[in-house]
Amino acid sequence: APRTKDESESLSEHKPVIKPQKKPVFIEADRITGYYKQEVEATGNAVLRQGDNTLSADRMKYYEQTEDAEVEGNVRLERPKDILKGKKLELNVATEVGQLTEPRYSMKKGRGRGAGDTLYLEGKDHYRVTETNYTTCPERKRDWYLRASELEVDNAKEVGTARHVSVVFKDV
């Protein structure tokens with residue numbers, strides 16, 4: 001017999017819920033302390049790896065339940081499309097949402113790079129940098145660069161959008 005609308009709805013409500021699996025996190029350092037299944041503190045050449053991302057710093061704390069990391073000192077986050085460096089990073093490694101102070105960033109494709117005030121990670125392929133500059137010139141030679149109050153980078157589309165922009169060419 002054909003099912004009524006009410007029977008179909010009640011059958012669909014009983015489907016099992018499949019939760020996404022957490023990607024494993026690997027941490028290594030000169031010294032590791034912490035509390036089992038709660039938090040880990042890694043100091044001295046600290047490295048955290050999850051999937052395609054590698055995070056290194058002088059010191060980091062990782063909270064397993066929330067997947068939050070607090071990282072400081074020579075912070076370096078290498079991802080498939082870019083490398084982010086800075087002074088202090090707060091990051092949720094699962095969502096890739098966080099904040100990096102005194103950032104320096106470089107794209108792996110196209111030689112784009114820059115620095116800024118604060119870098120806001122807004123998910124896997126998106127970030128925003130405030131009070132920033134951007135150039136494709138070699139490291140020691142900056143013939144030109146963009147200066148912007150804000151730069152949004154979409155690595156999925158390989159597009160950057162700047163606001164309140166000026167172009168500096170040969171220091172002019």
Side-chain angles (χ1 to χ4, degrees), residues 8-134 149-161:
S8 296
E9 285 176 6
S10 66
L11 287 172
S12 67
E13 288 172 15
H14 296 292
K15 289 182 181 173
V17 175
I18 300 169
K19 292 183 179 177
Q21 293 292 313
K22 283 185 178 181
K23 286 183 186 172
V25 171
F26 301 96
I27 298 174
E28 57 188 67
D30 295 340
R31 183 168 187 260
I32 297 177
T33 58
Y35 300 96
Y36 181 68
K37 293 211 177 225
Q38 291 178 41
E39 69 182 58
V40 172
E41 185 165 359
T43 52
N45 302 305
V47 178
L48 181 151
R49 288 187 184 83
Q50 184 189 44
D52 294 335
N53 296 343
T54 301
L55 176 58
S56 59
D58 295 335
R59 186 182 82 74
M60 65 178 70
K61 254 189 177 178
Y62 175 70
Y63 300 91
E64 189 174 340
Q65 297 301 314
T66 59
E67 297 186 72
D68 289 323
E70 295 171 357
V71 187
E72 60 187 347
N74 298 307
V75 176
R76 184 178 197 273
L77 175 58
E78 183 166 350
R79 305 185 305 171
K81 294 185 178 181
D82 55 28
I83 297 171
L84 309 176
K85 296 177 182 178
K87 185 175 181 181
K88 186 174 181 184
L89 171 68
E90 293 175 1
L91 177 70
N92 182 284
V93 297
T95 61
E96 293 188 42
V97 171
Q99 183 173 321
L100 177 64
T101 60
E102 297 180 26
R104 295 179 317 282
Y105 55 93
S106 58
M107 314 299 176
K108 289 184 175 178
K109 184 178 175 183
R111 293 190 338 250
R113 62 183 178 83
D117 216 16
T118 306
L119 188 145
Y120 299 94
L121 291 126
E122 298 176 333
K124 185 176 187 236
D125 285 317
H126 301 318
Y127 60 87
R128 184 169 44 92
V129 192
T130 60
E131 301 307 323
T132 186
N133 60 61
Y134 173 86
S149 65
E150 184 176 271
L151 171 67
E152 287 180 40
V153 175
D154 182 336
N155 271 332
K157 294 179 182 174
E158 297 183 358
V159 171
T161 306

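The OG1 atom of Thr43 sits 10.5 Å away from atom CE of Met60, with the distance rounded to the nearest 0.5 Å. Separation of atoms CZ (Arg49) and CD (Glu28) is listed at 4.5 Å; rounding is to 0.5 Å. Atom CD of residue Glu150 and atom CD of residue Glu131 lie 9.5 Å apart, to the nearest 0.5 angstrom. Taking OG1 of Thr118 as the reference point, atom CZ of Arg128 lies at 9.5 Å (rounded to 0.5 Å). In this structure, CZ on Arg113 lies 10.0 Å from OH on Tyr134, to the nearest 0.5 angstrom. The distance from the CZ atom of Arg76 to the OG1 atom of Thr54 is 8.5 Å, given to the nearest 0.5 Å.
For the pair Val40 and Glu64, the minimum side-chain heavy-atom distance is 4.5 Å or more. Side chains of Glu67 and Tyr62 form a contact here, defined as non-hydrogen atoms less than 4.5 Å apart. Contact check for Tyr120 versus Gln99: side-chain heavy atoms found under the 4.5 Å cut-off. Contact annotation: the side chain of Tyr63 approaches that of Glu70 to within less than 4.5 Å [non-hydrogen atoms, C-beta and beyond]. Considering only heavy atoms from C-beta on, Asn53 comes within 4.5 Å of Pro80 through its side chain. Residues Leu121 and Leu84 are in side-chain contact: their nearest non-hydrogen atoms beyond the backbone lie under 4.5 Å apart.
Nearest heavy atoms, Ala94 versus Asn92: N-OD1, 3.0 Å. Taking each heavy atom of Val75 and Leu89 in turn, the nearest pair found is CG1-CB, 3.9 Å. Residues Ala42 and Ile27 share a closest heavy-atom pair of CB-CG2, 3.9 Å. Annotation for Val47 and Ser56: closest pair CG2-CB, 4.1 Å, computed over non-hydrogen atoms. When all heavy atoms are compared, the tightest approach of Val25 to Gln50 is CG2-NE2, 3.8 Å. The shortest heavy-atom contact between Asp58 and Ala46 is O-CB, 4.4 Å.
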Quiz item: Should Leu77 and Val71 be marked as a side chain to side chain contact (heavy atoms under 4.5 Å, CB included) after you check the CA-CA gap, both sets of side-chain angles, and the distance that decides it?
Solution: CA-CA 10 Å; Leu77 175 58; Val71 187; over 6 Å; no
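Under the 3.5 Å distance criterion, the side-chain polar atoms of Lys108 are matched with a main-chain donor or acceptor of Arg79. Looking at Thr132, its side chain does come within 3.5 Å of a backbone N or O of Ala115 through a donor-acceptor pair. A donor-acceptor pair under 3.5 Å is formed between the side chain of Gln65 and the backbone N or O of Lys37. In this structure, the side chain of Lys23 does not engage the main chain of Gly51 through any donor-acceptor pair within 3.5 Å.
Using a cut-off of 4.0 Å between Lys/Arg side-chain N and Asp/Glu carboxylate O, Arg59 and Glu72 are scored as salt-bridged.
Atom NZ of Lys88 has 12 or fewer heavy atoms from other residues, nucleotides or ligands within 6.0 Å. Heavy-atom neighbours of Lys81 NZ from other residues, nucleotides or ligands within 6.0 Å: above the threshold of 12.
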